[in-house]
Amino acid sequence: MQSLHAEWDALKAHHREIESVHMREMFAQDSSRFDTFSASACGILLDYSKNRINSETLKLLTALAARADIAGEAQRMLNGERINATEQRAVLHTALRLPASKKLMVDGVNVVEDIHAVSDQAAAFVDKVRSGEWKGYSGKPIRHIVNIGIGGSDLGPLMVCEALKPWQQRDLSLHFVSNVDGTHISETLQLVDAETTLFIIASKTFTTQETLANAHSARQWFLDQGAGTDDIAKHFAAVSTNADAVAEFGIDTDNMFRFWDWVGGRYSLWSSIGLTIRLAVGNENFDAMLAGAHKMDQHFANTPYENNLPVIMALLGVWYGNFFDVRSHVIAPYDQYLHRFPAYLQQLDMESNGKSVQMDGSACEVSTGPVIWGEPGTNGQHAFFQLLHQGTELISADFIVAAKSQNPLGRHQQMLLANCIAQTEALMRGKTEAEARAELEAKGAEDIDILSRHKVFSGNRPTNTLIFDELNPNVLGALIALYEHKVFVQGKIWGLNSFDQWGVELGKELASTVLGELESGNPGEHDSSTLGLINYCLQRHS
Ligand code: F6P
């Protein structure tokens, strides 16, 4: 970050010039704005013309990317250098998408060979389960898959399974259990039966408290249904980097699908953590998703910054976060199948870039990752969009939509598209007081002086639109990889290590102390709030 000061200062000066310019004027002055500020790759069109930028902004932002050596940093990641310095690890989720014909040597090992050996093992298992050849303990085929995991071992697989529902084998029901709240596993177990259920215990470390608690409860329930311990092998599989812990849990290591410490949890859906996705949509569709992501990796690595989708999106995020003081960014997928995409991106972005220390240990001098939130459209329009249009905060947003629906039904898709496009137009244009007055006068309204002010929309609110032909496995793979690389670029510009997550540790440590105290009934030393809450719980439990 220190080395970016000249570029930063240039952007600051430019911001002062452009901050009061309205996008209405920009569009009025330049009818080719859409052509100038849109780019496409891997079947995805990014329209970023509804942003508070001009050609000079783009020039200055790409200079920032050049100074941060984004292209070089990307190569270092793709080559398997140990860029996750605080954990001394390479960052190679991109290798999981490499075709078998490629070679990538890390510490003297061709990781591509390893990756494909494990994915062949997973693919063979998946074919057996999906075809019914894999039988449960009473000889019946598997009908329910229960994925037990949390964070990256849940959100990625869950989001993709929802997104690719049209490709799902519908006689296999999918269930996801993540929360340590006993309600989650209990309610799920009511929906399945032991004879036809396969539990996938997904945990990179196999030490995560929530996942192990849920896995133990599932195991106990399975035995309570009349199954024997020998039957566990037919109903429990594990996805992990920790073979010892898997064996200790009692899962046959033949049913264990491994991956590597250079796959971060929130980047792991491409690895064996995607086993539930494979089971849901089949190996071919999973491979199509990998191919889409690989295409995006190549686009990211080989395209000049000006036309590079992840770089453009990252730079726009930096532009708003650091120069307009935008603190939150909305993800609005106009696609019901993408309803978990905002939740997935929350982990991807906020766990990666929600940090305040730079790689060298010094404090960040500028704001880093924004709050990511969102809901599918059109639902969001009837909930929080009021604040996007008329609130005092400036909030940026990504609108994501497929031109074609997987469920063509009457006018639904045209209505969905119309709403998506109109929202970005409204956020950009706004409505002036004069326009509001004119409308009210035409209606013969009273109290026009006051009412017109309530009906003003400032506009000038930035949005990106990502549009593609249809949401299929290939496009989804590219879309996810696009956001992964966006997060990477921003992390590099802010000088962060986007691949560790020390911020989740303190809460885990304190929870284990509080758990001991709740179980023993002996509270330790705490502030009065923490102690008061512990005592409240102890009184209700005794
Ligand atoms: O606590 C955060 C985290 O480490 C995430 O980064 C990770 O995705 C999640 O927990 C689950 O971890 P695991 O897959 O090791 O159970």
Side-chain angles (χ1 to χ4, degrees), residues 1-4 65 67-98 102-119 151-153 156 203-207 239-243 258-273 293-294 296-298 300-302 310-311 314 347-364 368-369 481 483-505:
M1 195 33 233
Q2 271 92 347
S3 57
L4 301 177
R67 178 53 81 94
D69 188 23
I70 294 303
E73 296 288 357
Q75 272 317 317
R76 283 187 267 288
M77 172 173 72
L78 296 167
N79 291 344
E81 285 185 31
R82 290 179 196 272
I83 62 164
N84 176 357
T86 59
E87 296 179 314
Q88 271 307 306
R89 288 176 187 164
V91 174
L92 274 178
H93 46 280
T94 49
L96 300 166
R97 292 117 49 159
L98 284 173
K102 299 272 172 177
K103 198 170 173 183
L104 179 63
M105 301 302 289
V106 177
D107 297 333
V109 175
N110 178 11
V111 293
V112 182
E113 228 170 75
D114 257 16
I115 290 164
H116 281 268
V118 176
S119 55
S153 302
S203 175
K204 178 177 173 182
T205 55
F206 227 77
T207 57
V239 180
S240 188
T241 56
N242 187 348
R258 64 191 185 98
F259 60 112
W260 304 270
D261 68 357
W262 38 256
V263 183
R266 52 195 173 275
Y267 300 87
S268 63
L269 68 89
W270 321 97
S271 73
S272 304
I273 288 288
H294 178 60
M296 184 56 77
D297 297 339
Q298 289 176 310
F300 174 51
N302 302 321
V311 173
Q347 187 198 12
L348 177 67
D349 200 316
M350 293 163 83
E351 205 175 65
S352 297
N353 287 343
K355 293 168 187 167
S356 32
V357 171
Q358 300 186 79
M359 288 292 262
D360 63 3
S362 61
C364 291
T368 60
Y483 276 96
E484 285 179 345
H485 296 316
K486 173 199 164 181
V487 167
F488 172 82
V489 173
Q490 293 189 329
K492 285 295 164 203
I493 287 179
W494 292 321
L496 306 174
N497 178 4
S498 301
F499 300 103
D500 60 12
Q501 57 284 318
W502 301 109
V504 299
E505 294 305 320

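Keep in mind that the numbers below use all heavy atoms, side chains included, and drop hydrogens, waters and symmetry copies.
In this structure, L348 and Y267 have side chains that are in contact, with non-hydrogen atoms separated by less than 4.5 Å. Within the 4.5 Å cutoff, side-chain heavy atoms of S268 are placed close to those of F259. The shortest distance between side-chain heavy atoms of F499 and R89 does not fall below 4.5 Å. Contact annotation: the side chain of R258 approaches that of D114 to within less than 4.5 Å [non-hydrogen atoms, C-beta and beyond]. Using a 4.5 Å heavy-atom cutoff, the side chains of L92 and W260 are not in contact. Taking 4.5 Å as the limit, some side-chain heavy atom of I70 sits within range of a side-chain heavy atom of I493. Inter-residue side-chain proximity for M296 and E484 is flagged as unmet; no heavy-atom pair is nearer than 4.5 Å. Considering only heavy atoms from C-beta on, D297 comes within 4.5 Å of H485 through its side chain.
Rounding to the nearest 0.5 Å gives a distance of 8.0 Å between NZ of K492 and CZ of R76. Once rounded to the nearest 0.5 Å, the distance linking OG of S498 with CD of E351 reads 11.5 Å. Note that CG of N497 and CG of D360 are 12.0 Å apart. Values are rounded to the nearest 0.5 Å. Between atom OG of residue S356 and atom CG of residue L496 there is a gap of 8.5 Å, rounded to the nearest 0.5 Å. Distance check: I83 CD1 to M359 CE gives 7.0 Å after rounding to the nearest 0.5 Å. Residue S153 holds its OG atom at 10.0 Å from CZ of F206, rounded to the nearest 0.5 Å.
Take N110 and apply the side chain to side chain contact (heavy atoms under 4.5 Å, CB included) test, not counting sequence neighbours, and it matches K103, M105, V112, E113.
The two residues D261 and T241 come nearest to each other via the heavy atoms N-CG2, 4.2 Å. Summarising the geometry of H294 relative to L98, their closest heavy-atom pair is CE1-CD2, 3.5 Å, with the distance given to 0.1 Å.
When each of I115, V239, L96 is paired with S272, the side chain to side chain contact (heavy atoms under 4.5 Å, CB included) condition holds for V239 and for no other.
For Q358 (side chain) and A363 (main-chain N/O), a donor-acceptor pair under 3.5 Å exists by modelled atom type. Checking side-chain atoms of K355 against main-chain N and O of T368 turns up no donor-acceptor pair under 3.5 Å. Using a distance-only test at 3.5 Å, with no hydrogens or angles considered, no donor-acceptor pair links the side chain of Q490 to the main chain of G369. Using a distance-only test at 3.5 Å, with no hydrogens or angles considered, a donor-acceptor pair links the side chain of S240 to the main chain of K204. Side-chain atoms of H93 never come within 3.5 Å of backbone atoms of R266 as a donor-acceptor pair (strictly under, hydrogens ignored). Judged by distance alone, with hydrogens and angles left aside, the side-chain atoms of D500 form no donor-acceptor pair with the main-chain N or O of W502 at under 3.5 Å.
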Residues F300, T94; criterion side-chain contact (heavy atoms from CB on, under 4.5 Å); working and verdict: CA-CA 11 Å; F300 174 51; T94 49; over 6 Å; no
